[in-house]
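No hydrogens, no waters, no symmetry mates; every other heavy atom, side chains included, goes into these values.
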Amino acid sequence: MRDLTLLLETTGALAGAGGLGYAKHRAPRVYWSTVGLPLTWGRFTFSYRSTMEVCGLTVQPTGLRAFMTRNMARREVRPVPPKVRRVRPTSTGLRITLRLPAGLEPADVAASCERLRHAFGVQSVTVSETRPGYVELRMTGYDVLRRVRLPRSAQPRGLRVPVALREDGTVFERDYRAVPMALTLGATLSGKSVYQRNLVKGLAKLPVGLIGIDCKRGVEHSRYAPRLSALATDPDMAGRLIDALVLEMGERFDLLALYGVSDVWDLPAKLRPVPLVVLIDEVAELFFVTSKKDEAARDRTVMQLVRLGQMARAVGIYLEVCGQRFGSDLGRGATALRAQLTGRVVHRVNDKQTAEMGLGDIAPDAVMAATSIRADRPGVAVAGDTSGGWSRIRTPETTPAEAAAVCRDFAHLTPDLPFLAPFRPPARQVVPPMPTTPPLVTPQT
């Protein structure tokens with residue numbers, strides 16, 4: 001009887017261990033909530049002071065505090081670590097608010113993120129400044145980018161589109177009011193197209209006008225035709241479309257001047273023109289020319305794009321530029337246009353120079369992170385902005401058919417814009433059937 005009881009206990013223990021291992025791999029949120037969170041919280045609580053000392057995140061106490069500790073508390077005077085103000089568990093990790101002592105700054109804590117990650121046994125640690133003197137440690141208990149699923153609460157609203165998940169478990173949103181112009185870079189098969197599909201999928205649900213410029217004969221944007229207000233499929237057509245946008249920008253500035261405001265969002269809703277988002281796929285196609293006579297048209301198109309990047313934000317026209325490389329080697333005006341694109345998202349690239357083109361001038365620390373993205377993880381990217389901050393993100397897998405279906409479902413939101421009528425794509429395109437290869441017939445002898 002005792003042997004049977006021992007056998008049952010051993011079998012139960014092995015089954016429990018196997019269940020935890022399965023949950024850790026297949027249901028990481030469940031494993032973190034039941035096992036990982038208590039272990040990590042306990043490890044943080046008992047090793048916090050010693051870890052901060054080893055990582056160099058302590059300062060010498062003030063003279064008064066040292067005197068009180070030595071003479072009143074009768075304790076040894078030790079360096080002072082940041083004071084823990086709040087510990088908040090989440091479904092993906094821990095959020096810890098620290099009060100920095102005099103002598104420490106947020107950059108000191110951010111420089112020790114990798115050491116803190118190993119010390120506390122978590123997947124990643126990021127630091128953000130919440131207010132002067134306070135920082136928040138965002139610990140992620142498991143790899144949230146391995147299988148990306150946006151929460152159900154992440155829905156498009158206003159001009160904010162959730163497109164990806166950050167490595168700390170928060171949602172990365174493309175906010176056109178805060179970051180009106182953006183550049184997305186990435187090599188072939190890096191997930192750049194998936195990022196753009198998620199963007200189109202979210203924008204299609206908003207009351208905005210979508211304008212596509214796809215000089216690869218429209219192979220990417222033509223499937224979004226029911227929701228597009230305009231589509232250009234070659235450089236010549238793109239140049240005429242950009243000229244029309246510049247003329248529209250001038251008319252909108254006249255409207256602002258008439259009502260004495262400097263921003264389109266200061267106008268009453270009934271007078272406010274519809275926001276326009278210009279999606280440019282493979283921007284290099286606008287720069288390349290095959291003959292000397294085409295250079296003048298190319299230069300005009302690029303300069304008009306630079307004008308849109310400089311001034312169109314105030315009148316509700318936003319640029320979303322996508323490409324594999326974007327440097328001065330493209331030609332005249334490339335650097336001037338890139339300087340107007342505030343938001344940067346860089347996927348896996350083929351060389352360090354391409355990462356520097358996208359991130360080197362706004363977040364130099366992110367260049368190394370962009371060059372270390374693995375090829376077997378498409379959709380992983382580094383997102384930066386002009387504040388110097390950056391984060392690692394990954395977009396959920398979205399097929400072209402899913403994005404096209406959303407565009408069809410929300411085709412009724414496509415605004416009627418007369419100035420874009422010559423560029424309006426047909427809502428329904430007849431797709432020819434795939435040719436079939438006739439079977440080989442072996443001649444009879």
### Message
So, taking the atom named CG in Leu319 and the one named CD1 in Ile213, what distance separates them when rounded to the nearest 0.5 Å?
### Response
8.5 Å
### Beyond-backbone contact of Asp243 with Gln304, side-chain heavy atoms, under 4.5 angstrom
yes
### Query
Looking only at heavy atoms, which two atoms of Leu337 and Leu305 are closest? And how far apart?
CD1-O, 3.8 Å
### Query
Is the shortest heavy-atom distance from the side chain of Tyr134 to the side chain of Pro82 under 4.5 Å?
no
### Query
Do side-chain atoms of Arg147 reach the backbone of Val144 as a donor and acceptor pair under 3.5 angstrom?
no
### Task
Answer yes or no: is there an ion pair linking Arg131 with Glu129, defined by an N-O contact shorter than 4.0 Å?
no
### Heavy-atom pair of closest approach, residues Pro89 and Leu94
CA-CD2, 3.8 Å
### Task
Scan side-chain atoms only and decide if Arg338 and Thr335 contain a donor-acceptor pair under the 3.5 Å cut-off.
no
### Task
Determine whether more than 12 heavy atoms belonging to other residues, nucleotides or ligands lie under 6.0 Å from atom CZ of Arg332.
no
### Query
Can we say Asp409 and Lys205 salt-bridge, meaning some charged N sits less than 4.0 Å from an Asp/Glu carboxylate O?
no
### Task
Go through the steps to decide whether Leu165 and Phe172 satisfy the test side-chain contact (heavy atoms from CB on, under 4.5 Å), and finish with yes or no.
CA-CA 5 Å; Leu165 201 65; Phe172 173 76; over 6 Å; no
### Message
So Arg348 and Leu189, do their side chains get closer than 4.5 Å, heavy atoms only?
### Response
yes
### Task
Using only heavy-atom distances, determine whether the side chains of Arg325 and Thr354 contain a donor-acceptor pair under 3.5 Å.
yes
### Task
Answer yes or no: is there a donor N or O on one side and an acceptor on the other, between the side chain of Arg85 and the main chain of Ile96, under 3.5 Å?
no
### Query
Do Arg374 and Asp376 pass the salt bridge (Lys or Arg N to Asp or Glu O under 4.0 Å) test, and can you show the C-alpha distance, the side-chain angles, and the key distance before you say yes or no?
CA-CA 5 Å; Arg374 290 157 35 188; Asp376 61 346; 3.1 Å; yes
### Message
Are there over 12 heavy-atom neighbours, none belonging to Arg149, within less than 6.0 Å of that residue's CZ?
### Response
no
### Task
Look at atom CG of Leu247 and say whether more than 12 heavy atoms of other residues, nucleotides or ligands are closer to it than 6.0 Å.
yes
### Task
Run the numbers on Lys352 and Met357 for side-chain contact (heavy atoms from CB on, under 4.5 Å), then give the verdict.
CA-CA 9 Å; Lys352 184 180 178 182; Met357 291 175 190; over 6 Å; no
## Note on the structure
Heavy atoms of Leu206 and Gly158 approach each other most closely as CD1-O, 3.5 Å
### Task
Could you please spell out the steps behind the side chain to side chain donor-acceptor pair (under 3.5 Å) verdict for Thr140 and Thr92?
CA-CA 6 Å; Thr140 307; Thr92 58; 5.5 Å; no
### Task
Hey, could you give me the SG/CG distance between Cys215 and Leu286, rounded to the nearest 0.5 Å?
4.5 Å
### Query
Under 4.5 Å between any side-chain heavy atoms of Glu53 and Pro81, yes or no?
no
### Message
How close do Gly209 and Val274 get, counting heavy atoms only, and between which atoms?
### Response
N-CG2, 4.0 Å
### Message
Show the nearest heavy-atom pair for residues Arg227 and Ala204, with the distance to one decimal.
### Response
NE-O, 3.0 Å
### Message
With a 3.5 Å distance limit and no angle check, can you tell me whether Arg95 reaches the backbone of Arg138 through a side-chain donor-acceptor pair?
### Response
no
### Query
Counting N and O atoms only, with roles assigned by atom type, does the side chain of Asp299 sit under 3.5 Å from a partner on the main chain of Ala296, one being a donor and the other an acceptor?
no
### Query
Does any non-hydrogen side-chain atom of Leu137 lie less than 4.5 Å from one of Thr97?
no
#### Entry: More than 12 heavy atoms of other groups within 6.0 Å of Arg86 CZ
no
### SB check Glu173 Arg157 (cutoff 4.0 Å)
yes
### Side-chain donor-acceptor contact under 3.5 Å, Gln310 with Arg307
no
### Distance in Å, Thr90 OG1 paired with Leu37 CG, rounded so as to fall on 0.5 Å steps
8.0 Å
### Query
How about Thr414 and Ser229: does a side-chain donor come under 3.5 Å of a side-chain acceptor?
no
### Message
Counting C-beta onward and ignoring hydrogens, is there a side-chain heavy-atom pair between Val200 and Cys407 closer than 4.5 Å?
### Response
yes
### Message
Does Asp143 form a salt bridge (Lys or Arg N to Asp or Glu O under 4.0 Å) with Arg377? I'd like the steps, not just the answer.
### Response
CA-CA 12 Å; Asp143 188 4; Arg377 283 210 163 184; 2.4 Å; yes
### Query
Any donor-acceptor pair under 3.5 Å linking the side chain of Arg174 with the backbone of Val179?
yes
### Task
For Arg99 and Lys83, indicate whether the former's side chain and the latter's backbone hold a donor-acceptor pair under 3.5 Å.
no
### Task
Determine, stepwise, if the pair Ile280 / Val278 fulfils side-chain contact (heavy atoms from CB on, under 4.5 Å).
CA-CA 6 Å; Ile280 303 177; Val278 184; 4.1 Å; yes
### Query
For atom NZ of Lys216, is the number of surrounding heavy atoms from other residues, nucleotides or ligands below 6.0 Å larger than 12?
yes
#### Entry: Nearest heavy-atom neighbours spanning Gly191 and His347
O-NE2, 3.6 Å
#### Entry: Arg240 vs Phe423 side-chain heavy atoms within contact, under 4.5 Å
yes
### Query
Any idea how Tyr318 and Tyr176 line up, ring-wise: parallel (<30°), tilted (30 to 60°), or perpendicular (>60°)?
tilted
### Query
Hey, mind stepping through Val122 and Tyr142 against side-chain contact (heavy atoms from CB on, under 4.5 Å) and telling me if it holds?
CA-CA 7 Å; Val122 292; Tyr142 58 93; over 6 Å; no
### Message
With rounding to the nearest 0.5 angstrom, report the CG to CD1 distance, Leu417 to Ile211.
### Response
7.5 Å
### Summary
Only one of Thr184, Val302, Val321 passes side chain to side chain contact (heavy atoms under 4.5 Å, CB included) with Val283, and that residue is Val321
### Message
Between Asp234 and Arg217 (side chain of the first, backbone of the second, donor and acceptor by atom type, cut-off under 3.5 Å), is there such a pair?
### Response
no
### Task
Could you tell me whether Asp168 and Arg392 make a salt bridge, using a distance below 4.0 angstrom between a side-chain N and a carboxylate O?
no
#### Entry: Salt-bridge present (Asp263, Arg313; N to O < 4.0 Å)
yes
### Query
Sub-3.5 Å donor-acceptor pair from the side chain of Arg344 to the main-chain atoms of Gly358, do we have one?
yes
#### Entry: Side-chain donor or acceptor of Thr51 paired with backbone N/O of Ser47 under 3.5 Å
yes
### Query
To the nearest 0.5 Å, how far apart are CG in Leu100 and CG in Asp108?
8.5 Å
### Query
With the threshold set at 4.0 Å, does a side-chain nitrogen-carboxylate oxygen contact exist between Arg394 and Glu167?
no
### Task
Calculate, to the nearest 0.5 Å, the distance between atoms CZ and OG belonging to Arg117 and Ser112 respectively.
13.5 Å
### Message
Could you tell me if the side chain of Trp390 sits less than 4.5 Å from the side chain of Val346, heavy atoms only?
### Response
no
### Message
Please check this pair: side chain of Asp214 against backbone of His221, looking for a donor-acceptor N/O pair closer than 3.5 Å.
### Response
yes
